[in-house]
Amino acid sequence: MTGIIFLGAPGVGKGTQAAILAEELGIPAISTGAIFRSNIEQGTELGKLAEGYMSRGELVPDSVTNSMVDARLSSDDVQEGFLLDGYPRNLDQAHKLRDMLAEKGLTVDVVIEIDAPEDVLVAHMLKRAGEESRADDTPEVFARRLEEYRLRTAPIASYYSDQDLVVTVDGVGTIEEVAQRVLDGVKQARV
Ligand code: AMP
């Protein structure tokens with residue numbers, strides 16, 4: 001069982017790297033952003049709840065997000081391991097995750113923090129805006145997402161550092177280069 005959390009600012013390439021690593025390890029990548037987007041596409045109640053927050057670049061309320069993750073982590077396919085991409089996003093979510101995992105007999109084994117300077121994040125976002133037309137990939141909304149990350153998400157790196165779980169990976173480079181660093185980081189943490 002390998003429990004992995006991906007941390008990193010919006011635009012750092014978390015989703016791409018999470019998909020590559022999850023495939024390599026044969027574990028599910030659980031992206032809260034992707035689950036919200038698919039609910040919005042399908043017009044579900046959850047999608048309707050999340051849509052306004054997402055379009056403004058704000059975090060969806062914890063109560064909504066936590067129960068969605070709790071349900072996902074109750075599936076059988078996480079028993080072999082899981083990779084969380086985009087959750088937790090603040091300290092309350094991190095604490096809630098600790099309780100959920102304890103209840104299910106699961107653990108976090110490594111937190112991969114992908115790091116890149118702001119100009120690289122913005123360049124990635126602009127590239128993705130051209131490819132995927134995400135509603136929140138506009139300069140204004142992206143600025144808000146970055147601010148949310150700095151205010152609420154960045155502090156959880158020290159929560160996990162205190163538990164000696166964090167491996168920081170340089171996110172500047174090709175997808176393949178970063179993927180190799182991520183894999184090395186996971187191996188390093190397992191030693
Ligand atoms: P992402 O795909 O991870 O960039 O997430 C896109 C958007 O989904 C975020 O800007 C938030 O509005 C929402 N979201 C994703 N994950 C979370 C989370 N853990 N907590 C609250 N909102 C989230």
Side-chain angles (χ1 to χ4, degrees), residues 3-22 28-74 78 82-101 108 111-116 118 120-157 159-160 171 175 178 182:
I4 302 174
I5 293 174
F6 265 28
L7 270 186
V12 83
K14 279 193 310 295
T16 305
Q17 293 301 334
I20 294 173
L21 182 66
I30 302 172
S31 157
T32 42
I35 302 175
F36 284 133
R37 279 188 291 280
S38 119
N39 274 275
I40 291 173
E41 263 166 44
Q42 290 163 33
T44 68
E45 284 307 310
L46 179 64
K48 283 179 198 146
L49 256 169
E51 193 165 17
Y53 297 98
M54 288 177 77
S55 67
R56 293 189 295 274
E58 294 166 15
L59 296 187
V60 176
D62 286 351
S63 55
V64 176
T65 310
N66 289 334
S67 23
M68 179 177 93
V69 172
D70 198 1
R72 182 64 188 84
L73 287 175
S74 301
V78 304
F82 58 86
L83 196 172
L84 285 169
D85 158 26
Y87 184 92
R89 256 330 206 259
N90 60 33
L91 262 182
D92 283 346
Q93 291 184 6
H95 294 149
K96 185 73 192 173
L97 176 65
R98 175 196 56 204
D99 297 346
M100 280 189 247
L101 293 176
V108 173
V111 177
I112 298 286
E113 180 184 40
I114 309 181
D115 192 36
E118 187 167 328
V120 172
L121 306 177
V122 172
H124 280 172
M125 179 277 289
L126 290 172
K127 183 165 178 281
R128 185 170 62 192
E131 292 164 359
E132 295 176 24
S133 321
R134 260 176 65 165
D136 57 354
D137 277 341
T138 64
E140 297 74 24
V141 179
F142 192 74
R144 182 66 199 268
R145 289 164 61 203
L146 275 179
E147 191 190 332
E148 289 278 54
Y149 179 77
R150 288 196 187 106
L151 280 175
R152 300 183 210 289
T153 312
I156 64 181
Y159 169 78
Y160 288 117
I175 289 175
V178 178
V182 168

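Just so you know, ligand 1 is whichever comes first in the structure, and atom 1 is the first atom listed for that ligand. Note that these values count all heavy atoms, side chains included, but never hydrogens, waters or copies made by symmetry.
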Original post:
What closest approach, in Å, do Asp115 and Val12 show between heavy atoms, and which atom pair accounts for it?
Top reply: C-CG2, 4.1 Å
**OP:** Determine, considering heavy atoms only, which of Gln93, Arg89, Glu148 sits nearest to atom 10 (O) of ligand 1.
**Re:** Arg89
Original post:
Closer than 4.0 angstrom: is that true for some heavy atom of Arg37 and an atom of ligand 1?
Top reply: yes
**OP:** For the residue pair Leu146 and Glu118, establish whether any side-chain heavy-atom pair is separated by less than 4.5 Å.
**Re:** yes
**OP:** Give the residue and atom name of whichever protein heavy atom lies nearest to atom 12 (O) of ligand 1, and the separation in Å to one decimal.
**Re:** Glu58 O, 2.6 Å
**OP:** Return a yes/no value for Val60: is any of its N or O atoms, backbone included, closer than 3.5 angstrom to an N or O of ligand 1?
**Re:** yes
Original post:
Among protein heavy atoms, which sits nearest to atom 23 (C) of ligand 1, and what does the distance come to when rounded to 0.1 Å?
Top reply: Phe36 CE1, 3.8 Å
Original post:
Which atoms from ligand 1 have a heavy atom of Thr65 less than 4.0 Å away?
Top reply: 18 (C), 19 (N), 20 (N), 21 (C)
Original post:
Under a 4.5 Å cut-off applied to non-hydrogen side-chain atoms, are Arg72 and Tyr87 in contact?
Top reply: no
Original post:
Just how far is it from atom CD1 of Ile5 to atom CD of Glu113, taken to the nearest 0.5 Å?
Top reply: 12.0 Å
**OP:** Return a yes/no value for Gly86: is any of its N or O atoms, backbone included, closer than 3.5 angstrom to an N or O of ligand 1?
**Re:** yes
**OP:** Would you name the heavy atoms of Asp137 and Arg145 that are closest together and state the gap between them?
**Re:** OD1-NH1, 2.9 Å
**OP:** Please say whether Tyr53 places an N or O atom under 3.5 Å from an N or O atom belonging to ligand 1.
**Re:** no
Original post:
With a cut-off of 6.0 Å (strictly less than), are more than 12 heavy atoms of other residues, nucleotides or ligands near NZ of Lys96?
Top reply: no
**OP:** Identify the heavy atoms of Thr32 and Arg89 that sit nearest to each other, and give their distance.
**Re:** OG1-NH1, 4.5 Å
Original post:
What atoms of ligand 1 come closer than 4.0 angstrom to any heavy atom of Thr32?
Top reply: 15 (C), 16 (N), 17 (C), 19 (N)
**OP:** Please could you name the atoms of ligand 1 that Asp136 approaches to less than 4.0 Å, counting only its heavy atoms?
**Re:** 6 (C)
Subject >> Smallest separation among heavy atoms of Ala9 and Leu121, with atom names >> reply: CB-CD1, 3.6 Å
**OP:** Of the side chain and backbone of Leu59, name the one, both, or neither that has a heavy atom under 4.0 Å from an atom of ligand 1.
**Re:** both
Original post:
Is the NZ or CZ atom of Arg144 both under 6.0 Å from the centre of the six-membered ring of Phe142 and within 45° of that ring's axis?
Top reply: no
**OP:** Check each heavy atom of Met54 against ligand 1 and say whether those closer than 4.0 Å belong to the side chain, the backbone, both or neither.
**Re:** both
Subject >> Heteroatom proximity flag, Arg134 to ligand 1, N/O under 3.5 Å >> reply: yes
**OP:** For Arg145, counting its heavy atoms only, list the atoms of ligand 1 lying under 4.0 Å from any of them.
**Re:** 4 (O)
